[in-house]
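Have a look at the structure below before the remarks.
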Amino acid sequence: MLACARRPDGTLVVQQLTDDGDRVGAPHDLDQHDLDQLDPAGQRWLWASTGVDYPPLMAAGIRAARCHDVAVVERILLGRAGAFGEPTSPAAVLARAQGRPAPAERVADLDPAPTLFELSGPADQPPDEDPTETLRLAYLDQRARAGRDGALGLLLAAECASALAATEMGAVGLPWRRDIHLAVLAELLGPRPVGGGRPPTLAALADEISQAFGFPVNPDSAVDVRAAFRRVGFDIESTRSWVIKAIDHPAVRPVLAYKELVRLHTANGWAWLEQWVRGNRFHAEYLSGAVVSGRWATRGGGALQIPRVLRQAVVADPGYRLIVADAAQLEPRVLAAISADLVLQAISAEDDLYAGLAADGFGGNRAAAKVAMLGAMYGQTTGEGGRLVSTLRARYPQAMGYVDGAARAGERGEVVHSVLGRACPPPGTSWEAVRIGRQQDATPAERTLADRLAGDRGRFTRNFVVQASAADWAAVWLAGLRTSLTEVAGAELVFFQHDELIVHAPEPVAEPVAGLIEDAADAARRLVFPGSAVQTPVRPVIVDRYADAK
DNA sequence: GCCGGAGGCGCC
DNA sequence: AAAGGGCGCCTCCGGC
């Protein structure tokens, strides 16, 4: 293991360590000799934060096989102790271990340094100290706190690997054809308006909307649109598209069309293209594990919300293919596993789990089975979905009991965990209102508020156990695939979105890559759900364009 | 004029 | 098939 830290002047200092954290030799400046000596297959890096420490190494041509990311590990360990939002630097880890107040996080610490040998910026130590010693001690402390919990160890390893993958994916970028994107914009919005303003299609729709109402309406203003519908006799409480869809009025069609297109214009229009696409690659900043459930987030570009209409712009380079793989119906399968519901696990053997559910208890009605299952996992209580959940409850008492139990725990203000042991955050300051509303002398208004807040919390914990366990599985899947892809020249992970990933690879190795993706999914199933009969199949599809994958 | 929250919608 | 979970991002709006 190679501990790698920044000095106050920004230079990098490294210290070889054993896996037990014992020093081997002396710390010294990272130099070209170190880089030449690196064992690309096995070296494990120890550093404060992958997002900060890895980019300069990547720029120097280093590919980290594995790492121990102190911040990633600390976030998970802190969460299990009920502490969210505490600083996660090596110095903070040490301070807590020694009973001192943890130093505040500095914003500059979170920004990647530009180049390897011309680093500048803050570091944790005064100049005369060895910064790798702080890292080493933080590592030892975390190792001791993690203990011998195998599931937790798997989670930490997978999350560290995910951090590497996230940083690499941001640097590599998603193949993106500017010309195709521009053609889509031209087709749907018309030519780009000079100097801002509405594109022609949107301007025409705005006129149509005002004409349909018979008075001027600004479709960009929800307040205005709502008032307009009220004025013509439709007392809607919001202007969400599914609310408007239910109205019978000539303005409905242009309003809905406007909503759809203005979204494309503002979220993924010409400005987006200019800001985020460079050299036929869309470079987002991926933040692995940034969501409390363990899902990834992104900063900038909205990479996890690429609209379907633009997936035709995601095209493999000449001579390359995209291998697109998603885990089919992952969340109900995960529920079958974590709840140990053998009936649901048996159904998970089918390619289409919802069809299996439909045949089992919904008279073959697949749509009803799907709505019911989603309702069960999201805590839906009203409408058709809420009603259908009772069928599931009768049919799969073990699985439904599991999510119901998680909801009850949430309503009591308790914390729940993912299958590998990621903790959800404890209730926040609003829980005081729940306590007040549950007291004998509470007013009706206080009781109502308490019920609503407790219900919100219950739906959150109900969903957390499923969503976070699915994120556990996906992280192990991704980590395993990333390792196996090192054997395939030219193959790169370019996208990951909760339960779906894309590899960009030379055409001749596309088939082997698809096999590796399936193997990694099977390995993740065995590791995350040992002994379970559940199936978590993935469906790799080899395409030129992302849009052709589904 | 600035800024945080709300409204709304894209993805899973 | 309902409007239940998690996000990021944009615009509007209202309070200061």
Side-chain angles (χ1 to χ4, degrees), chain A residues 196 198 218-227 236-246 255-256 258-269 271-272 275-276 284-287 289-311 326-331 334-335 354 358 362 365-389 403 406-407 410 416 418 424-425 452 455-471 474 495-501 546 550:
Chain A
R198 287 193 177 115
N218 174 14
D220 288 326
S221 164
V223 172
D224 215 22
V225 172
R226 181 169 168 230
I236 52 175
E237 79 288 1
S238 86
T239 62
R240 288 186 171 85
S241 50
W242 61 268
V243 172
I244 290 177
K245 208 170 288 179
V255 164
L256 292 176
Y258 184 92
K259 276 174 174 289
E260 195 178 324
L261 291 178
V262 78
R263 165 109 195 143
L264 177 67
H265 176 50
T266 57
N268 297 97
W272 182 92
Q275 185 173 3
W276 298 107
E285 187 181 358
Y286 297 92
L287 306 169
V291 178
V292 289
S293 65
R295 279 186 174 184
W296 290 23
T298 57
R299 188 155 56 201
L304 302 184
Q305 296 102 241
I306 299 170
R308 292 190 174 276
V309 68
L310 284 182
R311 293 184 180 185
D326 77 317
Q329 305 152 347
L330 179 60
E331 293 196 340
V334 164
L335 173 57
Y354 293 132
F362 288 86
N365 188 341
R366 184 183 183 280
K370 181 175 178 177
V371 166
M373 183 52 86
L374 293 175
M377 293 187 297
Y378 292 158
Q380 187 177 334
T381 54
T382 60
E384 192 72 351
R387 194 177 62 75
L388 290 168
V389 172
V403 282
V416 294
S418 74
C424 83
R452 187 177 62 77
D456 289 348
R457 175 78 186 168
R459 280 187 295 279
F460 168 65
T461 50
R462 170 191 293 272
N463 184 250
F464 182 94
V465 293
V466 178
Q467 186 182 119
S469 299
F495 193 60
F496 176 67
Q497 185 184 37
H498 312 315
D499 61 359
E500 175 179 7
L501 56 79
Y546 186 19
K550 280 182 187 171

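Chain letters run A, B, ... following the sequence lines, proteins first, then strands; residues in each count from 1.
Per the geometry, CZ belonging to A:Phe464 stands 14 Å off C1' belonging to C:dC7, to the nearest Å. The CD1 atom of A:Ile236 sits 8 Å away from the P atom of B:dG8 (whole-angstrom rounding). Atom CZ in A:Arg198 sits roughly 18 Å away from atom P in C:dC10 (whole-Å rounding). Distance, A:Asn218 CG to C:dC12 P: 7 Å, rounded to whole Å. Distance, A:His498 NE2 to C:dG8 C1': 10 Å, rounded to whole Å. Remark: P of B:dC12 and CE of A:Met377 are 15 Å apart, rounded to the nearest angstrom. Atom-to-atom, CG of A:Leu264 to P of B:dC11 comes out at 11 Å; the value is rounded to the nearest Å. Distance CH2 (A:Trp242) to P (B:dG10): 14 Å, rounded to an integer number of Å.
Between B:dC12 and A:Arg308, a contact under 4.0 Å exists linking OP1 or OP2 to a side-chain N or O. Contact check, A:Arg459 against C:dG5: a side-chain N or O comes under 4.0 Å of OP1 or OP2. Contact between the side-chain N/O atoms of A:Thr239 and the OP1/OP2 oxygens of B:dG8 is found at a separation under 4.0 Å. Put simply, A:Lys259 has no side-chain N or O that comes within less than 4.0 Å of OP1 or OP2 on B:dG8. Checking the phosphate oxygens (OP1, OP2) of C:dG5, no side-chain nitrogen or oxygen of A:Ser293 falls inside 4.0 Å.
The number of heavy-atom neighbours closer than 6.0 Å to NZ of A:Lys370, taken from other residues, nucleotides and ligands shown, is 12 or below.
Under 3.5 Å, the side chain of A:Arg240 and the base of B:dC9 form no donor-acceptor pair of N or O atoms.
Between A:Phe460 and A:Pro425, the shortest heavy-atom distance links the atoms CZ-CD, 3.9 Å. Summarising the geometry of A:Arg462 relative to A:Ala406, their closest heavy-atom pair is CA-CB, 4.0 Å, with the distance given to 0.1 Å. Contact between A:Asn218 and A:Asp224 at its shortest, heavy atoms only, is N-OD2, 2.7 Å.
Between A:Gly379 and A:Ala367, the one whose closest nucleotide on DNA chain C sits nearer the 5' end is A:Ala367. If A:Phe460 and A:Ser221 are placed on DNA chain C by their nearest nucleotide, the residue sitting closer to the 5' end is A:Phe460.
For the ring-ring contact (aromatic ring centres under 6.0 Å, His included) test, residues two or more places apart in sequence or in another chain that qualify with A:His265 are A:Trp270. Partners of A:Glu260 by side-chain contact (heavy atoms from CB on, under 4.5 Å), not counting sequence neighbours: none found.
In this structure, A:Gly375 reaches the bases: a heavy-atom distance under 4.0 Å links it to at least one base atom across the strands shown. When heavy atoms are screened at a 4.0 angstrom cut-off, A:Ala297 is found touching the sugar-phosphate backbone but no base atom. Residue A:Ala222 is classed as a sugar-phosphate contact, given heavy-atom separations below 4.0 Å to backbone atoms only. The residue A:Val262 sits apart from the nucleic acid: no heavy atom pair falls under 4.0 Å. Across all strands shown, A:Ile306 has heavy atoms under 4.0 Å from sugar-phosphate atoms exclusively, and none from any base. Among the atoms of the strands shown, none is found under 4.0 Å from any heavy atom of A:Arg457. Counting non-hydrogen atoms under 4.0 angstrom, A:Thr381 reaches nothing in the nucleic acid. In this structure, A:Gly300 reaches the sugar-phosphate backbone alone: every heavy-atom distance under 4.0 Å involves primed, P, OP1 or OP2 atoms, never a base.
Taking every side-chain heavy atom of A:Gln305 into account, B:dG10 is the closest of C:dG5, C:dC13, B:dG10. Among the nucleotides B:dG8, C:dG5, B:dC12, the one closest to the side chain of A:Arg263 is B:dG8. For A:Val292, counting side-chain heavy atoms from C-beta on, the closest listed nucleotide (C:dC7, B:dG8, B:dC9) is C:dC7. Considering only the side chain of A:Gln497, B:dC12 comes nearest among B:dG8, B:dC12, C:dA2. Looking at the side chain of A:Ser238, the nearest of the listed nucleotides B:dG8, C:dG8, C:dG5 is B:dG8. The nucleotide whose nearest atom lies closest to any side-chain atom of A:Thr266 is, among C:dT11, C:dG8, B:dG8, C:dT11.
Residue A:Gln467 is tested with A:Cys424, A:Ser418, A:Ser293 for a side-chain contact (heavy atoms from CB on, under 4.5 Å); the sole match is A:Ser293.
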